[in-house]
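These notes are about the structure you will find just below.
Source: prediction; values computed, not measured. Labels below follow one simple rule: chain letters A, B, ... track the order of the sequence lines, proteins then strands, and each chain is numbered from 1. Values reported hereafter were calculated over all heavy atoms of this structure, with side chains retained and with hydrogens, waters and symmetry mates removed.
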Number of protein chains: 2
Amino acid sequence: MQDGMVAARLREFEELCRQKGLPVTMQRRVILEAVLQRDDHPTADQIYEAVQEHIPQLSRTTIYRVLDAFVDLGIIRRLHQTGAARFDGKINRHHHVVCVHCGKIVDLEDRNLDQLSPPKGKLQGFKIDDYSVQFSGTCPDCQKRQE
Amino acid sequence: MQDGMVAARLREFEELCRQKGLPVTMQRRVILEAVLQRDDHPTADQIYEAVQEHIPQLSRTTIYRVLDAFVDLGIIRRLHQTGAARFDGKINRHHHVVCVHCGKIVDLEDRNLDQLSPPKGKLQGFKIDDYSVQFSGTCPDCQKRQE
DNA sequence: CTCCGTGCAAAAGGTTTGCACTGGT
DNA sequence: ACCAGTGCAAACCTTTTGCACGGAG
């Protein structure tokens, strides 16, 4: 992400914090900057490494807590649920609806979605076996819990 | 999955084993059956629970090893990489190409894929926020490693 | 008979939690 | 000054590994 964009996102973050009355700490600024500056989908540990040069005493615990907070604020995304791996006995092409709160996954069969054509020449040399569409949102149970 | 289908998949599995000279053990049959019988994308631990009533002394270690073997054989799928969570600073709609071997994730921007319409009435009461398409395959590095 | 598959126990990640302290507002 | 944010250490959960045994081919 280019510097100008990173700066814009940082300002956006600070404004969001002011709106919600959340303190803007050095740690949060530095961690957010680290996530925005890379486009390789870093792990918590990679962020930890990256941040060391700015705040050497920053702890992993804080990384985890701050990243969580950012995901809740909606300013970054978690690419997949942490916790146990899940397995699927269905091996035909199909799609999923995932609850971002509890991790529940339900199958979605849809003919239209089965026939997407992979964009030519954008796949960076990957040999593609298959694809699947993931809809993300909130399941009925978690909707109730939020009310 | 209906019983007939489960039985068919089991036969398919046994034939595959015979082709490859792999022993068909009781453990593998029972674990495969357990995965095929449910459509809720179980974790290794849930399979462990389910299998207890058939072979009480079956260990978690075996569950993990057998599930791995099944994924390699291509008769079941792992729904997401195990290991560390990954974070993404990009929050606009975009898509991913994922290497099933090393877990590398690269971004894919494609206008056509940005305009899919969620199928009406199939979303089981989920409130959908967004979606993304995931292409899965083998990255250039892992292709080299395989040669 | 020979191996591969299995079980147990221990180690290895990765993440979360309890508690005391620090630092933003 | 108050309360949320932070750091440390320990707990926790999931997965992997080393080694010895037993059953499948």
Exercise. Which atoms form the tightest heavy-atom contact between A:Val100 and A:Gln81, and what is the distance?
Worked result: O-OE1, 3.7 Å
For this session: Starting at atom CD of B:Gln46, determine the distance to atom P of D:dC13, rounded to an integer number of angstrom.
Result: 15 Å
Please write out the pairs of protein N or O atoms and N or O atoms of nucleotides 23-25 of chain C separated by less than 3.5 Å, giving the distance to one decimal.
residue, atom, partner, partner atom, Å
C:dT25, OP1, A:Val24, N, 2.7

Seminar exercise, completed: note: A:Lys20, atom NZ; D:dA4, atom P; distance rounded to Å ~ 15 Å
Problem set entry | Distance, rounded to the nearest Å, where A:His80 contributes NE2 and D:dT14 contributes P | 16 Å
For this session: Would you indicate whether B:Asp3, at its atom CG, is surrounded by more than 12 heavy atoms from other residues, nucleotides or ligands within a distance under 6.0 Å?
Result: no
For this session: Take atom CD of A:Gln27 and atom P of D:dC8, then tell me their distance rounded to the nearest Å.
Result: 11 Å
Exercise. Does the side chain of A:Ser59 get closer than 4.0 angstrom to OP1 or OP2 of D:dG7 through an N or O atom?
Worked result: yes
Seminar exercise, completed: All heavy atoms of B:Cys142 vs all of B:His101, minimum pair found to be SG-CB, 3.7 Å
Exercise. Does a side-chain heavy-atom distance below 4.5 Å link B:Ile91 with A:Arg77?
Worked result: yes
Exercise. What integer distance in Å separates A:Ile63:CD1 from D:dC8:P?
Worked result: 12 Å
For this session: Decide yes or no on ring-ring contact (aromatic ring centres under 6.0 Å, His included) for A:Phe87 and B:Phe70, but give the supporting numbers first.
Result: CA-CA 10 Å; A:Phe87 296 87; B:Phe70 287 172; 9.5 Å; no
Seminar exercise, completed: Between its two end axes (five pairs each) the helix from C:dC1-D:dG25 to C:dT25-D:dA1 turns, nearest 10 degrees, through 40°
Problem set entry | Euclidean distance, atom CG of residue A:Leu73 to atom C1' of D:dA4 [Å, nearest integer] | 14 Å
Exercise. Within the distance-only criterion (no hydrogens, no angle test), does the side chain of A:Arg9 pair as donor or acceptor with the backbone N or O of B:Gly89 below 3.5 angstrom?
Worked result: yes
Exercise. Will you find, in the side chains of A:His94 and A:Asp88, an N or O donor that is under 3.5 Å from an N or O acceptor?
Worked result: yes
Seminar exercise, completed: Per-nt protein contacts along nucleotides 16-21 of chain C (heavy atom under 4.0 Å; B base, S backbone sugar-phosphate only, - none) come out as BBB---
Exercise. Whole-Å distance between D:dT6 P and A:Leu67 CG?
Worked result: 11 Å
For this session: Using the closest heavy atom to pick a nucleotide of DNA chain C for each, name whichever of B:Ala85 or B:Thr62 lands nearer the 5' end.
Result: B:Thr62
Exercise. Okay, side chain of B:Tyr131, backbone of A:Val97: is any donor-acceptor separation there less than 3.5 Å?
Worked result: no
Exercise. Relative to each other, are the rings of A:His41 and B:His96 parallel, tilted or perpendicular (30° and 60° limits)?
Worked result: perpendicular
For this session: Measure the distance from CD1 on B:Ile55 to P on C:dC8 and round it to the nearest whole Å.
Result: 13 Å
Problem set entry | Donor-acceptor pair, side chain of A:Lys122 and main chain of B:Glu109, under 3.5 angstrom | yes
Seminar exercise, completed: Here the pair of heavy atoms bringing A:Ala44 nearest to A:Ile63 is O-CG2, 3.6 Å
